[in-house]
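Both backbone and side-chain heavy atoms feed into the values below; hydrogens, waters and symmetry mates do not. When a ligand or atom number is given, it counts from 1 through the structure's own listing order. These figures come from a predicted structure and were not determined experimentally.
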Amino acid sequence: MHCKSLWIKTSAKCINVNVKYMYVELLSVLHFLFSFQNAGDKENMLNILNVLDELLSAGTDRRIHHMISKGGSEALLTALVNSARSFTPNYTILLPLLHLLAKVGYRDRQIGLKAQKADAVLVVLGLLRQNTENSRRAAACLWVLRVFCSSVTTANLLGKNRGLDVVFKLISPHSTKHLRTVNSVLQRFQIYVNCRTAVAKGYIADLLKLYEDWHNNDVNLKNIPIRRALLHCLQCAANSAVGRDALVAEGGISLLFQTTQTCLTMKGLESLVEPAIQLMRKCNPKVPLPLTSDKSVFSFPLPGQPVDDWDADLGLYGKVCNCCLSEDDLETDVNKLRPQPEPDRTLEQLGQYVRLCPELHHDFQDLDSSSEVDESSDDDSTLEGDLNDETQSDQRGSDLPSDRDEHHLHTSDFHKHYLNCSRRGQKGHSSMVDRLLEKYGICIPNHDPRLYAATAANTKSIAGYSILAFPDFWGHLPPQEQEPMAKRPPHVQRKKVFEDIQRLICPEDIINKVIFDMDDHSPQCTPDMCPSSLHFFSKFESGNLRKAIQIRSHEYDLILNADVNSSAFCQWFYFEVSGMVAGVPYRFNIINCEKGNSQYNYGMQPVLYSVRDALEGRPHWVRTGSEISLHIYSHILHSAFSFYTLTFTVMFHHDDDVCYLAYHYPYTYTTLQTHLKMLEKSVDPQKVFFRQQNLCDTLAGNSCSLVTITACPTSRAWKHLPQLRNRPCVVLTARVHPGESNASWVLKGTLEFLCSSDPVAESLREAYIFKIIPMLNPDGVINGNNRCSLTAEDLNRQWLMPDPNLSPTIYHTKGFLYYLNSIGRTPLVFCDYHGHSRKKNVFLYGCSMKETLWQSGSPINTASLKEDPGYRTLAKTLDRIAPAFSFNNCNYLVEKSRASTARVVVWREIGVLRSYTMESTYNGCNQGIYKGLQTGTRELEEMGMKFSQSLLTLRRNAIHYNSRLIHHASALLDLDDRLLDHKSNNCFEDDEPPCMEEIEYSSCSDPFGANELDTEVNGNTSSEEEDEEDADICRDGKQRNNRKSHLVPHYLKQDALETLTIKSGQCNGSNGYLY
Ligand SMILES: [Zn+2]
């Protein structure tokens, strides 16, 4: 006792409660440790360990790291080895030592190597072997071994010495004894499992058996942590391919499926469901897409390139996040943010664009006659002649289908009689069309089915489509009511995963029959051949279904065709489906989508068009589908990224209907060309100057239209012409991305408004010359692409150096803008209309040098830079007048990754201050009067109208105010300061929160942080539960201090504490202990 007191007093001198000196004191204690490496004074050693533990527990990790840096780990390891090697290991010392080593070692990255150097690895394994029956000692050894295993070589060393066998022996089938050991073994076991040995030794099977055993016997649900830990072990095993294969081979998926079904029915087992589902998904064998080649069905020979060359430079666009704004991506080079109005071509080359400004050279001598027929526009008189011919042939026709046939929508007849645009000369066809239109047709503004069919004959698709999709031909009106966003029922994804897993465990239920295949030209599943299947079709403009496989009686896997000349970019879809039974839920899985986290997980639905409904007077695209989920499924094709599966369930309203399903409201190239013809006819040529011209031909030989709209001079008097010629230009473009059909609907709204007789539209025409290129990527739209042109490149990344041969529409749009610039008519506004798949609302992206520099944290003093703040005006106005628009979603940052987009290049090279991308949601709004509703074509068109209206604010001083205009545009012109009610709830919501059911696919992470480990280690010191042994350790748990660890036997500790307390009190005048 004397010796002990003396020693403690000595050490206590060093231990000052003043934390400032703590490190020094720690080191002193360590030196003592060294000194007793060979000594056997149990009490002294315990005291030192106690002091160390108290010191380390009291502070932050910095203390431990400091101790490690001063050789603390080595000292502990040496002490451990020396103590363990003595003839009869003294666990009163060893146990606290192991605990301390676990805590310190956890924070020491080198601990594995240090342990090997000190020969401690096998020593601890030996201790474990000796103590498999003693849960507390075994747990302490396991913690230390786990800490050692942070080094791969240490783990290998353990593996070679059959460490796994020892560990596995500790996991027992269900029992009420040794629960703590089983649990802690399981927690540690995970790290050993992820290796081939585990698989080779059959541990996966054993683990599965154990899981089943605990599942069956843990009826009181008292051991959920053990069951969870078993799952976690399996998850770690499944990190390797061999582990996954073994798990599948051992019937693991089936077992997990069944046990999880039971868990779902019992309260309190929720925590087992999610890990089990993750495990099943992880192990569900990956299969390639059921295609012979993932390349697009369509290839197109590019000028100057061998046909097969495109394969090599397939970009990984699918993995590039287009929504995240990264600060690193912001342009910080001032020179790249300054205007650079040097054309990329010669003035002579710009001369060709003179023809695209007919309004500047027109003499308006013929104001009374109809507008001139441009050489590039289609000759309407020929067209009407064709139709008349057909009408005559109809009258001769004797094989008119009966009324009865019209009610039976057999798709083959349907395509032959109703929708075949290439057979217009044949008998029967147009008569049927005329009869149908006469009987069921509804007046759809600016649409004419006959004109559509005639126009379609001139549309050049790679496949040479001859059949029209009914909705595009027939036309459609927005539904009466706006449609709310779909509610996501709880656990949709879970339900779908279970269904997917059942494919594996009940293969006999799976039909797996190819119903439609674009690659296979032999007649596929015709209604006669497969009377019980749905029928699919997509060989029409913008259609892109490649393959349909029946999985179960009412479930189909669908594969989309990749963009032409590529094997990627799938997202847009448009196809026809028929042969359905009404009221039955059909599940569709589009299994090769490339973007995750789209609005489909946030209330967005695909759209559906029913021919039967249309013929009954309801020609609407409606939002449809329930149980919608976009998630990663097992299919894998590219090694670089996973595909997503969009799954949704549709209940059709009519038997044997012909329906169309699409990603969003389709808007084909033929729709645009038809619409432009209708518009041209609709305007009063005395008032509206409307010209459609050919900007250039596309690669496939389609015309890229440029439309000019402005007001004709009020009189033919020569003095009015200069007024016209001085109007500033507004240049609008859209649909560079074919999958963004919403952009076309917005642009349709703009075009129709600008051609209307609304007084604001009149004022706009008098204020501006509009130059509109409504479809920058006709070939992409026609052939059902999602993102690219025929070159398999994103045309909106070609603006810096557009290739005249490969990207003609961009090359000439840019050339035309340079031309306007060269004649001193730089546009006042440029806006490129787009669709955004991950955000709600409509918003603008603009360009601001100052905001970019400021946001990027650039050291450049932005105060000295001059910038016209006028780039913000339009967004402010739109926020006031356009219900779908959200000012808060706008930004004006210039990103490096966007350096070659229209917005940035037009801003910087053409010098347009107000150069924008307008993004429209595919889904709906989360603010304003449309909050919670999905947008329809009506709202998209309204947005286009509002955008044109907002332009008036830029010319407030130049316009001619009359009473009609003031009445219509008081809010617009800021004459009325009242807040508009649709903005009553303009809250800011940024990007979507992560989907509630997002499933973690990262590799098995260590679920135990340092604090968790400490808590466990501390808990192991005095467990009431199964302290059958260690009689020399006091079990009095009542005096435990929960904030600190309890490494040392209580009776010793109390002595030490008392002495130290007195000492420290004496030293500092404080009565606290180490705090
Ligand atoms: Zn886009």
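Residues D779 and T698 have side chains that bring a donor and an acceptor to within less than 3.5 angstrom of each other. Side chains of N889 and Y845: no donor on one and acceptor on the other come within 3.5 Å.
Taking 2.8 Å as the limit, the number of protein N, O or S atoms around the Zn ion (ligand 1) is 4.
With sequence neighbours left out, the ring pair (Phe, Tyr, Trp, His ring centres under 6.0 Å) criterion links Y922 to Y663, H664.
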task: Could you please spell out the steps behind the ring pair (Phe, Tyr, Trp, His ring centres under 6.0 Å) verdict for H675 and H447?
output: CA-CA 7 Å; H675 185 223; H447 183 77; 9.4 Å; no
- request: Apply ring pair (Phe, Tyr, Trp, His ring centres under 6.0 Å) to H836 and F843, showing your working.
  value: CA-CA 10 Å; H836 204 297; F843 48 95; 5.6 Å; yes
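Geometric assessment of R345 against the ring of Y811 yields a positive cation-pi assignment under the 6.0 Å and 45° thresholds.
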